[in-house]
Every structure is written in structure tokens, then in C-alpha cells.
Amino acid sequence: MIIKRNIMLIGSMGSGKSHFGRNLAERKGWQFVDTDRVLEDRFGLPIADIYKKIGEKAFRRAEMDVLKKVCLYHEAVISVGGNFPIEHRTLKILKKYSYIIGIRAAQFRIVSRVNRRIGKRPTMDYTNVNSFVHTMIQSWKPVYKQCDYVLDTTNGRTFDFMQRIEKALETSAVQFKARRRSKDNTIPSDAISKQDIPRGGNGYEKNRNINKRWRRTGNERRHSGRYKKSNP
Ligand SMILES: Nc1ncnc2c1ncn2[C@@H]1O[C@H](COP(=O)(O)OP(=O)(O)O)[C@@H](O)[C@H]1O
Ligand SMILES: O=C(O)C1=C[C@@H](OP(=O)(O)O)[C@@H](O)[C@H](O)C1
Ligand SMILES: [Mg+2]
């Protein structure tokens, strides 16, 4: 039996890590952590501004610092920023505590997703998205080979993807160590440092809209229609 603490979603930009991370956490009743949101809270700036302000080297350092902390969380689904493919030695450390799910999607799908929010991803070349995404996908390929499970999100419904992940977890020998709880079933304050708490408090993302989002994202087509209006 393999004991892990949490599930970590890694993969290229626009592959769907944040979207599925949120849904998976909701389904499992776990905490959801998005490393981008943790960084934004820490710096008090949107991710693109952080990158512009501190540059690539410091950004990678800050992201690594967050990763080292959040990988120790119990019963959390953690979505990681996908600008740089995770290095082999980093993945080895993360694997010690986390069940790693690689999220991938075909080039055309990623291109359509990243084009919905131009400017959000600071290292993306928005003047040449197709070729940028092509190169990015190539650079992520070796990383997917090292994941515990790989999910392709090009086509399909969120609900079915969640079921696939649950099946993969069932058939693998992985067991998750439960988070320490106090008598009244709350999380002890020392379990998560205040600095690392994502928006919403108590280490939980405010997720009042999750159920709405779940229903809305029945399939990709409905989504793209919604975005075309605001992003012609
Ligand atoms: N299977 C899916 N169905 C519908 N929308 C999706 C799906 N996967 C991702 N999206 C949407 O695509 C966009 C990019 O996904 P996101 O989760 O932010 O990816 P990442 O965190 O990997 O960059 C988001 O607007 C998200 O809601
Ligand atoms: O362009 C960039 O540098 C980034 C792209 C985004 O990746 P995702 O699309 O994977 O969220 C963001 O999350 C990351 O931290 C920074
Ligand atoms: Mg994301």
C-alpha cells in the first residue's frame, strides 16, 4: 500500500488543472489549493504582475517555496501553475507526499482556452499562441511519463473526468493519510500557516459557486460560446 497526503495536478498551461482541481476537491470534500492564488495572496498582486515585477528566476523560487509547503498538506487537491515543466528532481520530492495527476489536452483545445483570457498568463506569447502552445506541449511530454496518472481533458464532461480519476485512485494501491482534526472536527490552526491560506480563509477556497460551475461545464462547447461574447 502506498500512503500519500494529497493529490497534485500538474501539466501545461490551460490543460484544466484549476478547473478540475476545484471540482475534484469539492467531490472529495477536501481542501482546494491553487498555487497561483497562494502567490497572489502572498504578493498582493495578480500573477501576471508578480511575474513582471520579480522576473522569472524569483518567480520560480517563490513558486517552489509554495510547493514545498503545500505538498505537506493532508487531504488537499493542489493545482500547480503550468508555465514551466516540473523538473525531475522536484517531481521526485513532490511524489513522496502527493499522488501526481498529469492533466493534458490537445493543442487546439489549449489554444482555445488560453485565448479566452488574453494577458492572464505572463509567459504566453499571445501574438503566436499556436506555435507557443506546440513548443510548450513538447516540453511537458517527458513530465507526463513520470506522473501516477494522466488525464486528457480535450473532450468530455467534467463529471466523467472526475469518475475516471476516482477509478484510477481505486485501482491504484494509494491510501491518503487523513488530516489531524480536533474534537469538534475542525482543522487545527497549526495545520496550515496563515501565510499560505488561499483566498476565502481557513485554507479553503470560497466555493459557493462550485455547484453552479459544475452544472455549467457539462461540455466544452457551452463554455466557448460564453467566452466568445466577451472576447471576440
Ligand atoms: N473540460 C473542461 N470543460 C470546460 N471548460 C474547461 C475544461 N477544462 C478547462 N476548462 C476551462 O478552460 C480554462 C482553462 O482551464 P484552467 O483550469 O484555468 O487550466 P490551467 O489551470 O491548467 O491553466 C478555464 O476557463 C476552465 O474553466
Ligand atoms: O504564463 C505564466 O507564467 C503562468 C501561466 C499560468 O499557468 P496555468 O495556465 O497553468 O494556470 C499561471 O498559472 C502560472 O503560474 C504563470
Ligand atoms: Mg491554473
Side-chain angles (χ1 to χ4, degrees), residues 8-26 32-43 45-67 70 77-86 101-106 108-126 129 132-133 135-137 139-140 143-144 150-165 198-199 205 209-210 212-228 230-231:
M8 197 170 270
L9 306 189
I10 65 167
S12 76
M13 291 185 210
S15 54
K17 304 175 296 290
S18 304
H19 175 74
F20 293 110
R22 216 176 276 120
N23 279 288
L24 186 61
E26 166 81 350
F32 174 60
V33 181
D34 192 314
T35 57
D36 276 0
R37 301 290 87 74
V38 178
L39 282 170
E40 286 180 343
D41 278 7
R42 206 176 258 194
F43 285 85
L45 289 170
I47 209 81
D49 293 351
I50 300 172
Y51 191 89
K52 261 186 235 146
K53 191 176 170 188
I54 68 175
E56 176 181 335
K57 221 170 151 191
F59 185 89
R60 280 186 188 238
R61 252 204 323 268
E63 195 172 53
M64 183 58 75
D65 187 50
V66 170
L67 270 181
V70 299
V77 178
I78 302 156
S79 297
V80 181
N83 44 355
F84 317 112
I86 288 189
I101 302 183
I103 309 285
R104 70 188 311 165
F108 78 93
R109 188 64 81 207
I110 294 189
V111 168
S112 108
R113 286 179 189 161
V114 299
N115 271 328
R116 285 175 197 165
R117 294 193 60 189
I118 293 173
K120 182 195 159 202
R121 296 172 171 88
T123 54
M124 171 66 61
D125 177 3
Y126 288 99
V129 176
F132 184 95
V133 170
T135 312
M136 179 183 65
I137 288 176
S139 70
W140 269 97
V143 185
Y144 289 123
V150 178
L151 180 75
D152 190 312
T153 69
T154 309
N155 292 305
R157 296 184 317 151
T158 302
F159 181 80
D160 298 329
F161 290 135
M162 295 299 104
Q163 284 196 322
R164 252 188 258 169
I165 291 177
R199 229 167 256 148
E205 184 181 74
N209 289 327
I210 277 181
K212 253 191 265 166
R213 196 179 297 121
W214 179 288
R215 283 196 296 276
R216 228 175 32 214
T217 56
N219 63 47
E220 192 96 23
R221 238 171 287 131
R222 268 184 276 156
H223 247 275
S224 35
R226 188 163 64 87
Y227 280 93
K228 261 180 200 145
S230 55
N231 204 359

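For ligands, and for the atoms within them, numbers begin at 1 and follow the listed sequence. Start at 1 with the first residue, then count along the sequence. Computed from a prediction, not measured in an experiment: that's the story for all the values here.
Contact annotation: R157 has no heavy atom less than 4.0 Å from any atom of ligand 1. Residue contacts with ligand 1 do not include S79, since none of its heavy atoms lies under 4.0 Å from the ligand. Ligand 2 does not have F84 within reach: every non-hydrogen atom of the residue lies 4.0 Å or more from it. Residue contacts with ligand 2 include E63, since one of its heavy atoms falls under 4.0 Å from the ligand. Note on ligand 1: G82 sits outside its first shell, no heavy atom being nearer than 4.0 Å.
Nearest-residue assignment for atom 12 (O) of ligand 1 (options R116, M13, H19; heavy-atom criterion): R116. For atom 8 (N) of ligand 1, the nearest non-hydrogen atom from the set R104, R113, R121, R117 belongs to R113.
Here the protein contributes S18 OG as N, O or S atoms under 2.8 Å from the Mg ion (ligand 3).
Protein heavy atom in closest approach to atom 7 (O) of ligand 2: G82 N, 3.4 Å.
With 3.5 Å as the limit, one finds a donor-acceptor pair spanning the side chains of D34 and S18.
In terms of heavy atoms, R104 sits closest to V150 at CD-CG1, 3.5 Å.
Taken to the nearest 0.5 Å, the CZ atom of F20 stands 9.5 Å off from the CZ atom of R164.
With hydrogens and angles ignored, the 3.5 Å screen pairs no side-chain donor or acceptor of T153 with any backbone N or O of G16.
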